[in-house]
Number of protein chains: 2
Amino acid sequence: MRYHKIPDETVRRLPVYLRGAMHLSQQGLESISSRHLADLLGVKPWQIRKDFSYFGDFGTPGVGYHLESLIKQINKILRLDAGQKAVLVGVGNLGSALLAFPGFGMYGFEIAAAFDVDKRKIGRRRGGVVIGDIAKLRNLRRRGICLGIIAVPEDTTQEVADTLVDAGIKGILNFSPRYITVPKRVKVITIDIAMDLARLPYYMPLS
Amino acid sequence: MRYHKIPDETVRRLPVYLRGAMHLSQQGLESISSRHLADLLGVKPWQIRKDFSYFGDFGTPGVGYHLESLIKQINKILRLDAGQKAVLVGVGNLGSALLAFPGFGMYGFEIAAAFDVDKRKIGRRRGGVVIGDIAKLRNLRRRGICLGIIAVPEDTTQEVADTLVDAGIKGILNFSPRYITVPKRVKVITIDIAMDLARLPYYMPLS
DNA sequence: TGGTGATTGCGCTCACATTCACAGACAACA
DNA sequence: TGTTGTCTGTGAATGTGAGCGCAATCACCA
Ligand SMILES: NC(=O)c1ccc[n+]([C@@H]2O[C@H](COP(=O)([O-])OP(=O)(O)OC[C@H]3O[C@@H](n4cnc5c(N)ncnc54)[C@H](O)[C@@H]3O)[C@@H](O)[C@H]2O)c1
Ligand SMILES: NC(=O)c1ccc[n+]([C@@H]2O[C@H](COP(=O)([O-])OP(=O)(O)OC[C@H]3O[C@@H](n4cnc5c(N)ncnc54)[C@H](O)[C@@H]3O)[C@@H](O)[C@H]2O)c1
């Protein structure tokens, strides 16, 4: 492991590579060349080699990258090997879908708790967790939960973010289409689905 | 409207500005300066000015940007003023949430049709549309639908994408965590929620 | 009508990211 | 063990966007 400064864009692509590597590994493959992985993922081979080169020597010339160690390395770099736990706030339409979503497990995530404000939902079981009362959300660090997922209506987003920060959350995945302010130490990633859709027409052919 | 090549990153940010502008307009404001808009959205003022400068003269020195014409302009650039129609394929956990999601309307989108393969779902009504049989999905262009939203299981994603392309779709929003191949004229935007979450731990403080 | 304060539009520079080309490393095999 | 073909790792070139500073511009008001 070298100590270069790793470009953000590279970090953004690492999960893509990880997914591809896991996919191929499950199919029984041992190794993969940058060219074949690139074809599979729709990127360029030299991009992959450059990205991997920031972290040290993963590959063997003439053969490619050994999948098992590649997966282990990327997991380590992204700190996914620790088995991150997340808390979901807001078990509505989207929150329920997220609780039923198996895709988080692939990266070692577990939604270990869920909270809502709706009395009718509190106490119910959804996808392996019991929905708790948001008013009783206290210290989460004690339970080993460092990630928060926000799926509440727009107008309560900031309030929920504050609650999560107080509870010791260090990273937030926000689905609400609103800018939230948090201490600088907390990393926020916002997914605004409508906004992503909104830039599609710009790129579409006119006719 | 000048003819510069507009940076992709600028296009990506335009919906953010649009949302902010609409938000302020609804509060009764007439104009906004780059500094105030920047504060609201958590970006830098010069970023906003630079972005807007690609498209011509939106603003008035000493005052700022006139909200109404700003909104109209961005809508025009992103081609949202046409009132884009979209088709949803896969009405499962995520698909149902999307149908119930009011956020698309803000950008002038309408989910005008939904399709599934599950006989128990076909014919049912969800969020204003009747779920159709995917086997009967034919020409969509005739109905004025140019956008496709894919929310089906991973292994059928490519197949559904092909169907949509055949039906005349020009842009796809894909929620399935798999790389799909389409003709170059079709623009694909993939939202992989788990992948976005996966790069959070890298940026989180260690302790 | 001319001065004032605020804010835009844009050129310039630097930092970062992508792309390419190729030397050198390795496996495979005769 | 020598030869061949493949693939990696990386330095250098090219492309792209962010950050900034300031002249030009406008509303406002005396
Ligand atoms: N539905 C979608 O497909 C979709 C897509 C993208 C983004 N979003 C965004 O995700 C958010 C949730 O969407 P939804 O469709 O699930 O809405 P929803 O109304 O179905 O669910 C919201 C849930 O949050 C709970 N809630 C409200 N205030 C709360 C609080 N202070 N603390 C804890 N829980 C609280 C409500 O009880 C409800 O269960 C919204 O901001 C929406 O814009 C939704
Ligand atoms: N649930 C989530 O929160 C979530 C989050 C991110 C991504 N995703 C992805 O979105 C996709 C759907 O997730 P989900 O949770 O809604 O799954 P789901 O199983 O609940 O729903 C899938 C739906 O697609 C339908 N379907 C299957 N094959 C089809 C076909 N060929 N044509 C039309 N319809 C078909 C099924 O009948 C079902 O209704 C998956 O790829 C998943 O990885 C889901």
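All figures in this text were calculated on a predicted structure; none of them were measured in a lab. Numbered from 1 within each chain, the chains take letters A, B, ... in sequence-line order.
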*Would one find more than 12 heavy atoms of other residues, nucleotides or ligands at under 6.0 Å from atom CD of B/Glu30?*
no
*Over how many whole Å does the gap from B/Asp8 atom CG to C/dA17 atom P extend?*
16 Å
_Aromatic plane relationship, B/Phe101 with B/Phe104 - under 30° parallel, 30 to 60° tilted, over 60° perpendicular_ = perpendicular
*Among D/dT8, C/dA27, D/dC26, which is the nearest nucleotide to the side chain of B/Pro61?*
D/dC26
*Protein-nucleotide distance (A/Gln47, atom CD; D/dT16, atom P), rounded to Å*: 14 Å
*For DNA chain C, whose closest nucleotide is more 5', that of A/Lys44 or that of B/Ile32?*
B/Ile32
*Chi angles and distances behind the salt bridge (charged side-chain N to carboxylate O under 4.0 Å, His left out) call for A/Asp81, A/Lys76*: CA-CA 6 Å; A/Asp81 51 357; A/Lys76 191 175 168 187; over 6 Å; no
*With respect to the side chain of A/Arg13, which nucleotide from C/dT18, C/dA17, D/dG9 is positioned closest?*
C/dT18
*On DNA chain C, check which nucleotide each of A/Asp51 and A/Thr60 is closest to and give me the residue with the more 5' one.*
A/Asp51
_Distance test, side-chain N/O of B/Arg49 to OP1/OP2 of C/dG9, below 4.0 Å_ = no
*asked:* Could you go through B/Ile189 and B/Ile172, starting from their C-alpha distance and side-chain angles, then the distance that decides it, and tell me whether this counts as side chain to side chain contact (heavy atoms under 4.5 Å, CB included)?
replied: CA-CA 6 Å; B/Ile189 289 181; B/Ile172 293 176; over 6 Å; no
_Please report the distance, rounded to the nearest Å, between CZ in A/Phe55 and P in D/dG9._
13 Å
*Give a yes/no answer on whether the side chain of A/Tyr65 brings an N or O atom under 4.0 Å of OP1 or OP2 in D/dG9.*
yes
*With a 4.0 Å cut-off on heavy atoms, is A/Phe52 in touch with a base, just the backbone sugar-phosphate, or nothing at all?*
nothing
*Whole angstrom is fine here: how far is it from CD in A/Glu9 over to P in C/dA17?*
6 Å
*Does a side chain donor of either A/Ser33 or A/His36 reach within less than 3.5 Å of an acceptor in the other side chain?*
yes
*Report the distance from atom CZ of B/Arg35 to atom P of C/dA6, rounded to the nearest whole Å.*
9 Å
*Please indicate whether A/Glu68 has more than 12 foreign heavy atoms, meaning atoms of other residues, nucleotides or ligands, lying under 6.0 Å from its CD.*
no
*asked:* From CH2 of B/Trp46 over to P of D/dC22, roughly how many Å is that when rounded to an integer?
replied: 14 Å
*Integer-rounded Å distance: D/dT8 P and A/His66 NE2*: 15 Å
*If you fit an axis to the five pairs at each end of the helix from C/dT1-D/dA30 to C/dA30-D/dT1, how big is the angle between those two axes, to 10 degrees?*
10°
*asked:* With a 4.0 Å cut-off on N to O distance, would you call B/Asp192 and B/Arg178 a salt bridge?
replied: no
_Students often get this wrong, so: under 4.0 angstrom with heavy atoms, is A/Thr10 touching a base, only sugar-phosphate, or nothing?_
nothing
*Quick one: B/Phe58 CZ to C/dC10 C1', roughly how many Å, whole number?*
15 Å
*asked:* Taking donor-acceptor contacts at under 3.5 Å, does the side chain of B/Lys50 reach the base of D/dG17?
replied: no
